[in-house]
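Notes follow once the structure below has been shown.
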Amino acid sequence: MIVATTLQRPHDQPQPARDHCLAPARTSGAASGDHRYTRMFPDLPHLTIDPPLLRAMGRAGGACDSSRARLQEARTVAAGWPVFGQFIAHDITADRSPVTHHDDEDLIRNVRSARLNLECLYGDGPVGNPYLFSRTDPAKLLLGFNDQNRPDDLPRNQEGIALVGDPRQDVHLLVSQLQVAMIKAHNRFVDRLREDGVSEVDLFNESRRALTWHYQWTALFDFLPATIGEQRTQRLLNGGPRFFKPGNTVTIPFEFADAAYRFGHSQIRQTYQVQRGGDALPLFPDLIGFRAVPSDRVIDWSLLFDVPGQPPALRSRPIDGCLPQSLLTLPVEVTGQLDDDDYESLAVRDLQRGVATGLPSGETVARFVGEEPLRPDQVGLAEYGWSGETPLWFYLLKEAEAREEGERLGPVGSLIVGEVLLGIVDGDPESFRSVDPSWKPTLPSRDPGRFSIADLLVSP
């Protein structure tokens, strides 16, 4: 069991290490990189839909085009939350099968562990990936220096390729700068723990554990309420899951990975302001990754997350079934060379994955979990010639629009996302909820009694 502990120090230095804790070492249960996906509702029938109709829905000008949207901004959701959601996705899932060959579930593998353990940040650690760490201070992660010689970029090799635990962390500026912010948070823990007397032998592992637990806390008590609502979060934490109850090994359901958790694609804005007084820049091509980040593109996170005492942050798009133009015409640097132009659209890819993995319709899942399905006019696909039930991914986005005005997921989407995220944390034997459920964040918070993502990412 992990408890807050006092280090062995001289009697005139009795203070405990603020972020130090005793924990079981990593065991043979660590990720092998060969995990299958599972099904949350294995007995429900699969939805079939004609490929030409699916493509017509998802391509630019179709049902998923944000030019058709009623609203372009949410009222309450900060623009940074879908970026944090993408960071979580990269941490827990990595399916490298091509979207056009995704229909044999026995061949699909998740090369990430189903844990919120910052694998995308640390890779295989100082031994497996030494190029991620400082030679002069091995407990610290490396940062890259920009054109003003400030450590505000990812470390890169001589060709500009980012040195990261997951190459997806450099796909665009928003996620690469979040990776930089997490590297800085880790190094901050190294300094704090070293100041408190933690031995150099234990310093990296203790710093990793401290950051991981703050990250898990943020996911459950800040991100999840923003995604499914405060009341649903509390009911879930108090009552536990109804449907997602994994055994000894947690595996990710297709309903989560290929439908519900892709809700953040609808929240991505067309443009972002990354520095105060700066221009509004489209995500693609202006904020594309895979290149050094100049000083005028270093993100001021107080523009993307609400910080007490500062002006409100930019808002995300509502969750409404629509994607911005940047995601409907993805650049070749992201997609690679394509034989089919329809796969420039992330919406086509999302729809294709859901059908290829045999997901049930949204209406079928709603009935199964005891929710009233959306009416056809709320889904809005009749004008595209579709009179059947709705692909699960698109249904959950329209459910959020119809039932929550796009501010958060609706009841079915909230059930899937909430139960799986909580199950991932509770199924991890090294998480704070498994080891020490009474643990609380040790970093200071701006709002007394409430630790938020701003306290993790934005310097005081």
Side-chain angles (χ1 to χ4, degrees), residues 2 4-5 16-26 30-31 80 83-92 112-113 115-129 132-134 137-143 151 154-155 164-166 169 175-196 198-223 301 305 421 424-425 428-436 439-445 451-460:
I2 290 183
T5 184
R18 291 161 289 186
D19 315 303
H20 184 66
C21 46
L22 302 175
R26 187 168 296 278
V83 184
F84 185 75
Q86 183 177 10
F87 188 96
I88 288 176
H90 292 178
D91 196 28
I92 61 176
R112 287 281 174 263
S113 62
R115 296 183 179 185
L116 290 180
N117 63 356
L118 293 174
E119 190 176 356
C120 62
L121 184 70
Y122 295 110
D124 292 326
V127 175
N129 295 139
L132 299 179
F133 296 85
S134 169
D137 191 348
K140 288 189 173 182
L141 287 158
L142 278 177
L143 285 161
L154 297 172
V164 285
D166 186 322
Q169 298 302 86
V175 75
S176 76
Q177 283 283 286
L178 184 55
Q179 181 93 346
V180 168
M182 295 295 280
I183 290 173
K184 290 182 176 181
H186 169 87
N187 292 347
R188 179 182 175 188
F189 278 115
V190 172
D191 290 337
R192 283 164 58 93
L193 286 166
R194 181 176 280 140
E195 180 183 315
D196 288 342
V198 173
S199 71
E200 293 295 322
V201 168
D202 297 328
L203 197 53
F204 167 73
N205 287 332
E206 291 296 335
S207 300
R208 175 175 184 164
R209 186 174 299 114
L211 178 58
T212 299
W213 282 14
H214 282 76
Y215 163 64
Q216 292 169 351
W217 178 280
T218 301
L220 292 185
F221 298 111
D222 205 8
F223 173 70
W301 286 107
F305 288 107
L421 283 182
I424 287 170
V425 176
D428 178 358
E430 297 178 358
S431 75
F432 80 91
R433 280 176 60 87
S434 295
V435 177
D436 183 8
W439 178 85
K440 297 291 190 298
T442 58
L443 287 179
S445 61
F451 184 83
S452 75
I453 193 166
D455 300 313
L456 187 61
L457 302 182
V458 181
S459 298

* Quick one: does Phe221's side chain get under 4.5 Å of Gln216's, heavy atoms only? -> no
* To do: Report the C-alpha distance between Leu457 and Met182 in whole Å, list the side-chain angles of each, state the deciding distance to 0.1 Å, and finish with yes or no for side-chain contact (heavy atoms from CB on, under 4.5 Å).
  => CA-CA 7 Å; Leu457 302 182; Met182 295 295 280; 3.9 Å; yes
* Once the angle between the rings of Phe432 and Trp217 is folded into 0 to 90°, is it parallel (under 30°), tilted (30 to 60°) or perpendicular (over 60°)? -> tilted
* To do: Check for a donor-acceptor pair, side chain of Ser434 on one end and backbone N or O of Asp428 on the other, with a separation under 3.5 Å.
  => yes
* Asked: Can you check whether Tyr215 reaches Phe223 side chain to side chain, under 4.5 Å on heavy atoms?
  -> no
* Asked: Stepwise, does the side-chain contact (heavy atoms from CB on, under 4.5 Å) test hold for Arg192 with Thr442?
  -> CA-CA 11 Å; Arg192 283 164 58 93; Thr442 58; 4.0 Å; yes
* **Atom of His186, atom of Ser207 and distance for their closest heavy-atom approach** => CE1-CB, 3.6 Å
* Nearest 0.5 Å, what's the OG1-CG distance between Thr212 and Leu118? -> 4.0 Å
* Just do the side-chain contact (heavy atoms from CB on, under 4.5 Å) check on Asp202 and Leu193 with the steps written out, would you? => CA-CA 10 Å; Asp202 297 328; Leu193 286 166; over 6 Å; no
* Supply the atom-to-atom distance Cys120 SG to Gln86 CD, rounded to the nearest 0.5 angstrom. => 10.5 Å
* Gap separating the CD1 atom of Ile92 from the CD1 atom of Ile424, nearest 0.5 angstrom -> 3.5 Å
* Please test Glu206 against Arg209 for salt bridge (Lys or Arg N to Asp or Glu O under 4.0 Å), starting from the C-alpha separation and ending with a verdict. => CA-CA 5 Å; Glu206 291 296 335; Arg209 186 174 299 114; 3.2 Å; yes
* Does Pro126 have any side chain to side chain contact (heavy atoms under 4.5 Å, CB included) partners at least two apart in sequence or in another chain, and if so, which? -> Phe133, Phe204
* Partners passing side chain to side chain contact (heavy atoms under 4.5 Å, CB included) against Pro151 (at least two apart in sequence or in another chain) -> Leu143, Phe145
* To do: Taking only Lys NZ, Arg NE, NH1 and NH2, and the carboxylate oxygens of Asp or Glu, determine whether Asp191 and Lys140 approach each other closer than 4.0 Å.
  => yes
* Tell me, do Phe189 and Val198 make a side-chain contact under 4.5 Å, heavy atoms counted? -> no
* Asked: Judged by atom type as modelled, is there a donor-acceptor pair below 3.5 Å linking the side chain of His214 to the main-chain atoms of Leu456?
  -> no
* To do: Kindly indicate whether the side chain of His90, heavy atoms from C-beta on, has any atom under 4.5 Å from the side chain of Val164.
  => no
* To do: Report the distance from atom OG1 of Thr218 to atom CD1 of Ile88, rounding to the nearest 0.5 Å.
  => 9.0 Å
* **Worked verdict on Leu116 versus Leu220 for side-chain contact (heavy atoms from CB on, under 4.5 Å)** => CA-CA 11 Å; Leu116 290 180; Leu220 292 185; 5.7 Å; no
* Asked: Would you say the side chain of Gln177 lies within less than 4.5 Å of the side chain of Trp301, judging by non-hydrogen atoms?
  -> yes
* Contacts of type side chain to side chain contact (heavy atoms under 4.5 Å, CB included), residue Leu132, not counting sequence neighbours -> Asn129, Leu141, Leu163
* To do: Would you mind reporting whether Arg188 and Leu443 have side-chain heavy atoms less than 4.5 Å apart?
  => yes
* Asked: Is there a side-chain contact between Val458 and Phe305 (heavy atoms, below 4.5 Å)?
  -> no
* Asked: Are any side-chain N or O atoms of Arg115 and backbone N or O atoms of Pro429, one a donor and one an acceptor, separated by less than 3.5 Å?
  -> no
* Would you mind reporting whether Leu121 and Gln169 have side-chain heavy atoms less than 4.5 Å apart? => no
* To do: Could you tell me whether the side chain of Asp455 and the main chain of Ser452 form a donor-acceptor pair under 3.5 Å?
  => yes
